[in-house]
Structures are given as structure tokens and as C-alpha cells.
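FYI, side chains are in, hydrogens and waters are out, and symmetry mates aren't considered; it's all heavy atoms of this structure.
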Amino acid sequence: MIDKPNNITRVPAIAMPTQVDFSHAIETPSRDLDPRRLLATLWRRRKLLLAIWATFVVAVIAFTVVQPKKYTVSSKLIVGSNSANESAANTDPNGTNLPILNALLAATGQQTSEQIAELIQQEPVSAEVIKQLGLNVSVDQLLSHLFVRPVTNTEILTLSITWNDPVMAARIANTYANVFVERERQLVASQADTAIGYLEKELPAAEGRMRAQQAALTAYEQETGIADLTTQTTNALNAAETLKTKLQQAEVDEQTASASLAAVEDKLASTPETIVAGKTDSGNPVAASLQAQISTLTMQLAAARKQYTDDYPTVIQLKSQLAEAKRELKDQPATVTSAVSDGPNPVYQALAQQATTLQAQVAAAGASVSKLQAQIAQNQPQLDQLPSESRRITDLQRAAKAATDVYSALHQKYQDAMIARTTALSDVSITQSATPENAVIAPNIPLNVLLGIVVGLVLAVSGVFLADFFDDRFRTEEDLKERLGLPVLAMIPLVDGLASKDSAWVKPLAVESFYQLVASLRYSSNHPPRTISFTSADQADGKSTIAMNSAISMGQMKARVLLIDADLRRPSLHTKLGMQNEVGLTDVLVGVAQLDEAVRPTEHVGVSLLSSGRPAPNPVGLLQSEAFDRLLRAARERFDFVIVDAPALRSIVDGIVLGVKTEGTVLVVSSTSSEGRSVRAAVDKLRSVGGINLVGVVLNRIRPDRRGASDYYLGAGQTIALPPEVGV
């Protein structure tokens with residue numbers, strides 16, 4: 001039973017200290033770039049940070065472990081060997097007698113390592129490697145395992161092969177190098193083969209003509225008995241002989257040049273005018289995109305498995321998407337050619353230049369033949385005056401000598417061609433062979449793990465700040481003031497789930513927070529409200545607990561407080577206080593009970609409870625009735641404060657009605673569950689109705705931070721009364 005109105009002795013208002021700011025003991029991240037606040041944000045979201053980081057690292061490790069091992073070995077080649085040039089210099093100061101060899105030697109100083117790298121990757125080289133090693137792959141498949149890279153600012157090429165067996169990788173790399181060097185050497189030797197073929201046909205005929213001329217000379221000398229000629233006759237005949245020798249030499253030169261020209265033109269027809277001068281490889285963007293997609297799907301799958309079983313449709317769909325992404329990534333090359341530039345083929349240019357030179361030589365030899373024939377015709381009358389015997393023997397001697405000279409010249413050229421074919425050198429040399437012991441293994445597990453740790457940390461930090469940026473909940477007093485424009489009456493720390501070591505300082509801090517709330521209500525204006533309704537945007541934001549603990553805190557300050565459970569749809573105060581709900585507010589409003597009968601004292605000093613009572617079919621009608629107004633007036637006369645627990649504002653108007661009926665309204669916002677959109681909608685509802693005095697906001701369930709707590713709350717031996725379920 002409560003005191004009658006005529007027996008009320010009012011307790012003077014207790015002098016309260018000015019409002020104390022406890023925000024220093026609470027984590028208060030902000031949107032600015034204060035390093036301490038950024039660190040506080042990371043600490044507050046440390047579970048998300050660790051989850052993202054650990055998930056990414058585990059995904060990297062798992063991906064690295066399941067990837068099949070690949071071994072990469074390398075051999076090195078150098079472009080532009082001096083051996084060929086020295087050989088050319090020893091043969092002829094102006095070049096060799098072989099046009100294609102001259103062309104290759106001339107091109108040696110013009111070819112770049114990029115051009116050689118492109119030539120190595122031509123189909124004939126790969127086909128020969130497959131043939132020699134008996135590989136069961138296509139040319140394109142083998143080329144996908146080959147990587148040729150010029151070493152910057154040098155003439156050295158690195159030829160790398162990636163294979164699933166280090167021994168086979170080394171064999172393929174070395175075979176590639178040997179095949180290409182041999183191919184370059186064969187280009188030089190092929191011209192020598194052409195010359196040898198021509199000379200092998202001409203030498204027997206030249207030898208037969210030489211022997212026939214020598215036999216004719218011997219027979220005529222024996223027949224005539226002539227042993228010597230006069231000096232004048234000899235000189236004239238020698239001059240004629242010299243002209244005919246030169247004529248024969250010119251004819252031989254013309255034939256040789258024509259044969260060489262035909263060989264050069266044949267090679268020129270099969271040589272491309274341009275080759276790829278260089279290409280630029282870059283990372284495959286599709287592979288990078290698939291990697292990012294795999295990482296995202298892996299994290300989503302890990303998160304889904306924490307909530308559902310493997311048979312859940314979402315998990316099955318994520319697993320299917322992850323498997324498909326991995327299959328697509330496996331089919332993608334690591335790099336793609338982003339730019340290819342063509343350039344003139346130095347071998348083609350050199351052969352074309354050599355063909356032009358040979359054409360000039362053929363023309364020059366033809367002109368010499370015509371000139372010598374004219375000179376011989378001019379000297380012929382003088383020779384006709386010589387004695388027939390002398391002229392005859394001289395002719396035979398000249399013919400024998402000419403045949404001998406032709407044979408000697410052809411034989412010398414044959415020897416030169418044989419030497420050129422035997423000693424043909426490539427302009428590419430192997431400087432280092434590939435060995436299995438030096439294979440580079442991929443994936444590199446330690447490196448991948450290290451990169452996963454670093455990149456995972458970056459992603460985790462980015463994810464934390466991204467989540468914080470899109471988090472629409474209210475975390476700090478500054479958030480509430482900035483986004484709602486309302487004063488913050490108090491910030492209540494989260495107590496549920498604390499470890500015993502934290503209870504010693506968090507619970508006293510929570511009690512002081514309620515004292516701060518009571519003080520804020522008392523000193524909110526010159527005429528502070530005595531009937532106060534507590535509401536929230538949504539259910540489970542803690543409004544009932546805040547209303548109850550506020551009443552208990554007022555009671556501990558020697559004030560008489562009536563706590564009314566006006567949440568007629570979901571009453572909870574009687575349960576929280578461990579009391580019965582047989583008679584309550586609805587019974588008083590419908591007239592089946594008196595206020596004195598329904599109000600019951602609680603175990604807390606100065607606090608009485610008017611529970612919700614029996615369920616009512618029309619709660620909002622009862623709260624709008626004149627009976628409720630009379631109840632509030634009666635309660636206000638008998639108690640110092642009347643605390644009303646109002647329903648949430650999301651979908652019903654009960655809270656709005658109670659806000660109009662009471663002198664002040666307090667909005668409870670939960671930092672862990674209240675969404676900014678619903679809170680702003682609740683504020684708009686309260687502000688849209690005239691007569692509602694929105695006193696301020698209570699920020700509930702903020703996470704306490706021991707690092708910022710005062711030593712006062714950490715001291716031993718603190719004894720302070722603690723209301724039940726504080727901060728729930």
C-alpha cells in the first residue's frame with residue numbers, strides 16, 4: 001500500500017554534482033583521422049579484423065598447398081658471337097665467298113636480343129624439340145611452358161621452361177637452346193652445301209678438259225719437235241694467252257656469281273621480310289579478377305559455413321561458384337601479350353643486299369667477258385701472222401694452262417666450301433645450361449604465406465574501416481549529436497557477458513552512468529520533468545532495463561519513484577523485478593482495481609511498481625483515455641518521479657501517446673543493434689507531434705574499454721550497490 005496524499009512528506013531534491021563525462025572510459029571512434037581513434041576502431045572491431053585476416057591467410061595457405069608444384073629452370077644464351085666474324089675476317093677481308101654466310105655475318109651486328117627471342121619461339125624450333133624428346137604435346141602447348149626474356153642492357157637471353165618435373169624441365173630447356181643454336185648454324189652451312197653441290201658437278205668436267213688439253217699439247221710437241229719460240233712470238237702469244245685466261249676467269253666468275261645469285265634468291269624467297277621486334281607481356285587481368293573473385297567466394301563460404309551446414313543451398317551455391325572460378329583460373333595463362341611490334345628482318349635485308357651485290361657482280365663479269373672478247377678479236381690479226389706451228393703450240397699451251405687454271409680455281413673453291421660447311425658457326429652461343437638442381441619451385445609456400453599475412457592484414461584493416469564506414473549504428477556521443485541533434489543524457493556500458501576480471505570496474509561504471517542519467521534528467525531545465533517516458537526505436541534496445549535502473553538509481557537517492565509498465569503488448573518489468581502481474585495498469589484504467597491496490601513496493605528502496613496488468617484488447621485506447629490522465633496526476637501527487645516504460649516506436653503509436661501524456665520523453669538507442677534509419681524515423685515521429693518534450697537520448701550498450709577507465713573504478717575494495725541487469 002502507498003501513502004495517502006495527506007500523509008506525503010516530500011523529500012527535498014538532493015543536490016547532485018554537475019554532469020560528469022564518462023566517455024573517456026568508453027571506446028569512442030570517430031570519423032576523423034585521429035590515430036588514436038583509428039586504433040580504437042581497430043580494437044573495437046578486432047574480431048572482424050582477425051576473422052578477415054585469418055580467413056585470407058588460411059585461403060592463401062590452402063590455395064598454395066593444393067596447387068600442383070611447378071619447376072622452372074633456365075639456360076642462358078648470348079647473341080652475336082665473335083667467332084663467326086673472326087672466321088669471315090680470316091677468309092676474306094671483304095667477306096667470305098659464300099653469300100648467305102656474308103648475309104648472316106652482316107646481320108649479326110644488327111639483330112637484337114628481342115628479335116632472337118622471337119626467333120626461338122618460332123614453330124620449327126618447338127617442333128624439333130618435341131621430335132627429339134618425344135613429347136606428347138602440341139607446339140602451342142609447349143610454347144605455353146616457354147618464356148624467353150632478354151637481360152636488360154646485355155646481349156644475354158634467359159630461356160626458361162616451367163614443367164612438373166625438374167629433370168624434364170632441364171632437358172627441354174637445354175634441347176631448346178641446342179636446337180636453336182644448331183638452326184642458326186645450319187643457316188650458315190646451307191650456302192656452303194649449295195656451293196659444294198655446284199662444284200661437285202663442275203670439277204670432273206674441268207679436270208677432263210685440263211687433261212685433254214695437256215695431252216694435246218704433249219702430242220703436238222712430240223709431233224713437231226718444237227721446244228721454244230722466239231721472244232716476239234712468245235710475247236704476242238702470251239698477251240693473247242693472258243687475254244683468253246682473263247676471259248675464261250671472267251666467264252667462271254660470271255657462272256659462279258650466277259649460281260650464288262640463284263641460291264641467294266631461293267633463300268630470299270623463303271625468308272620473311274619482317275619479324276617480331278619485341279613484345280610486352282603483362283599480368284593477365286582476367287586471372288587477377290578471378291583471383292579476387294576466389295578470395296571473396298572463399299571468405300563468403302567460410303562465413304556461410306559458420307551459420308549453415310554443407311547441405312544448405314547457400315553453401316552449395318558458394319561451393320559451386322568457387323569451384324567454377326578455380327576451373328576458369330586454371331585455364332587462364334599467367335601473362336598475356338599486351339603489345340607486339342614488328343621490325344625488318346635483318347637476315348632478309350642482308351640477303352637482299354647480297355643479291356644486289358651478286359647481280360652487280362654478274363653484270364660486271366658479263367661486261368668483262370664482252371670487253372675481253374673484243375680485245376682478243378682485235379689482237380687476232382697479229383697472231384695470224386705467226387708461223388702456224390708456233391701459233392698452234394702456243395694455242396695448245398694456252399689452252400692447257402687455261403684448263404689447269406680453271407680446274408685449280410674450282411678445286412680451291414670446293415675446298416673453301418668444305419671448310420665453311422665444316423666450321424660453320426652460329427651467332428648464338430650457350431653460356432649456361434639448365435640443371436634440375438637450380439630449379440625454382442612454384443608455388444613458393446613461405447613467400448606465399450608471408451604475402452598472405454601482409455596482404456591479409458591490409459585487406460583486414462581495409463575491411464574494418466569499410467565496415468565501420470557503412471555501419472549505420474550509433475557508437476559515440478558525437479554520432480548522436482551530429483546525426484540527431486539531440487543532447488546525450490548518459491552512455492550506459494555493456495555489462496552482459498563480461499569476464500569476472502572486468503566486472504570489478506565495468507559494473508561500478510554502469511552504476512555511475514545511471515546516476516549521471518538521473519542528474520541529467522533533474523537538471524535538464526529549470527522545471528525538470530517528473531513524469532518521464534522511456535521509449536526506443538525498436539524492441540530489444542534495452543529501454544525497459546534503462547527505465548527500471550533509472551528508477552532504482554532515483555530511489556537510492558532518497559526519492560520516491562513509481563515505475564509504470566505501459567508496454568501493454570510486451571510487458572517485462574514484473575519479470576525483471578521478480579514480481580507478479582495479477583493486477584496492474586489495465587485493471588486500474590478499466591476500473592476493476594484502485595491505484596492503491598495495483599501499486600506494489602519492490603525490494604529496492606523508494607521504488608514502487610505498477611505492472612501492466614491483464615492483457616487488454618485495445619492498449620492504445622486505454623493509454624489515450626482520461627482515466628490514464630487521472631492516473632498520472634494521482635501518481636505525480638504521491639511520488640517524486642513517475643517513470644513510464646513505453647513501447648517501441650517502430651510500428652505502433654503507443655509510445656507517441658505516452659510521450660504526449662508525460663512531461664518528458666527519453667529515447668533509448670542501442671549501440672549494438674539500433675539502426676540509424678529506424679532511430680531517425682523514431683525521432684521524426686516524436687518531433688512531428690506537438691506537445692512531446694524530447695528531453696534527450698540514452699546511448700545503451702557501448703563497449704567499455706579498460707584502457708580508458710579511471711583508476712577510481714579499478715581500485716580494490718569498492719563497495720557500491722548494483723541494480724540488477726544493468727546495461728542489458
Side-chain angles (χ1 to χ4, degrees), residues 35 38-39 41-74 144-152 158-166 169 173 280-306 318-319 321-338 434 436-470:
L38 296 179
L39 291 175
T41 301
L42 293 176
W43 176 255
R44 176 167 52 83
R45 295 186 178 272
R46 57 188 178 277
K47 291 183 179 179
L48 176 62
L49 177 73
L50 291 175
I52 296 176
W53 178 77
T55 301
F56 185 82
V57 172
V58 170
V60 169
I61 294 175
F63 180 77
T64 302
V65 171
V66 301
Q67 281 289 98
K69 287 187 177 181
K70 298 292 184 180
Y71 301 88
T72 301
V73 298
S74 301
S144 66
H145 296 273
L146 171 67
F147 178 72
V148 184
R149 178 179 59 86
V151 179
T152 306
T158 300
L159 189 153
S160 302
I161 289 291
T162 301
W163 209 260
N164 54 10
D165 178 17
T280 303
D281 291 337
S282 60
N284 190 340
V286 176
S289 175
L290 289 173
Q291 288 281 11
Q293 182 180 356
I294 288 173
S295 300
T296 302
L297 290 173
T298 302
M299 291 188 288
Q300 291 177 351
L301 179 60
R305 281 176 168 170
K306 292 181 180 179
L318 288 174
K319 289 169 65 178
Q321 293 176 354
L322 181 60
E324 180 64 23
K326 287 183 177 181
R327 284 194 295 270
E328 292 182 7
L329 179 62
K330 185 177 180 181
D331 296 336
Q332 291 293 329
T335 59
V336 295
T337 300
S338 60
E437 293 77 13
N438 295 329
V440 177
I441 304 176
N444 189 327
I445 296 180
L447 178 60
N448 284 8
V449 171
L450 179 60
L451 291 177
I453 292 173
V454 175
V455 176
L457 185 59
V458 174
L459 290 177
V461 172
S462 302
V464 165
F465 286 113
L466 188 64
D468 195 69
F469 179 80
F470 287 104

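- To the nearest 0.5 Å, the span separating CD on Glu324 from CG on Leu290 amounts to 9.5 Å.
- Thr72 and Ser160 share no donor-acceptor pair across their side chains, judged by distance under 3.5 Å alone.
- In this structure, His145 contributes its side chain and Trp163 its backbone to no donor-acceptor pair below 3.5 Å.
- Across all non-hydrogen atoms, the minimal contact from Thr64 to Val60 is OG1-O, 2.7 Å.
- Residue Val73 comes nearest to Pro166 through the heavy atom pair CG1-O, 4.3 Å, listed as atom of the first residue, atom of the second, then distance.
- Remark: Leu48 CG to Leu42 CG distance equals 10.0 Å, nearest 0.5 Å.
- Side-chain contact between Tyr71 and Asp165: absent, with no pair of heavy atoms (C-beta onward) separated by less than 4.5 Å.
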Give the intermediate values and the outcome of side-chain contact (heavy atoms from CB on, under 4.5 Å) for residues Val57 and Ile61. CA-CA 6 Å; Val57 172; Ile61 294 175; 3.8 Å; yes
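- Going from atom CZ of Arg305 over to atom CG of Leu318 covers 9.5 Å, rounded to the nearest 0.5 Å.
- The distance from the OG atom of Ser295 to the CD1 atom of Ile52 is 12.5 Å, given to the nearest 0.5 Å.
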task: Verify side-chain contact (heavy atoms from CB on, under 4.5 Å) between Val458 and Phe56, making sure each step is shown before the conclusion.
output: CA-CA 10 Å; Val458 174; Phe56 185 82; over 6 Å; no
Run the numbers on Thr158 and Val148 for side-chain contact (heavy atoms from CB on, under 4.5 Å), then give the verdict. CA-CA 6 Å; Thr158 300; Val148 184; over 6 Å; no
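- Shown here for Ala59 and Thr298, the closest heavy-atom pair between the two residues is CB-CG2, 3.5 Å.
- One distance of note links NZ of Lys319 with CG of Leu297; it measures 13.5 Å at 0.5 Å rounding.
- Annotation: side chain of Ile453 is in contact with side chain of Trp53 (closest heavy-atom distance under 4.5 Å).
- Rounding to the nearest 0.5 angstrom, the gap separating the CD atom in Gln291 from the NZ atom in Lys326 is 10.5 Å.
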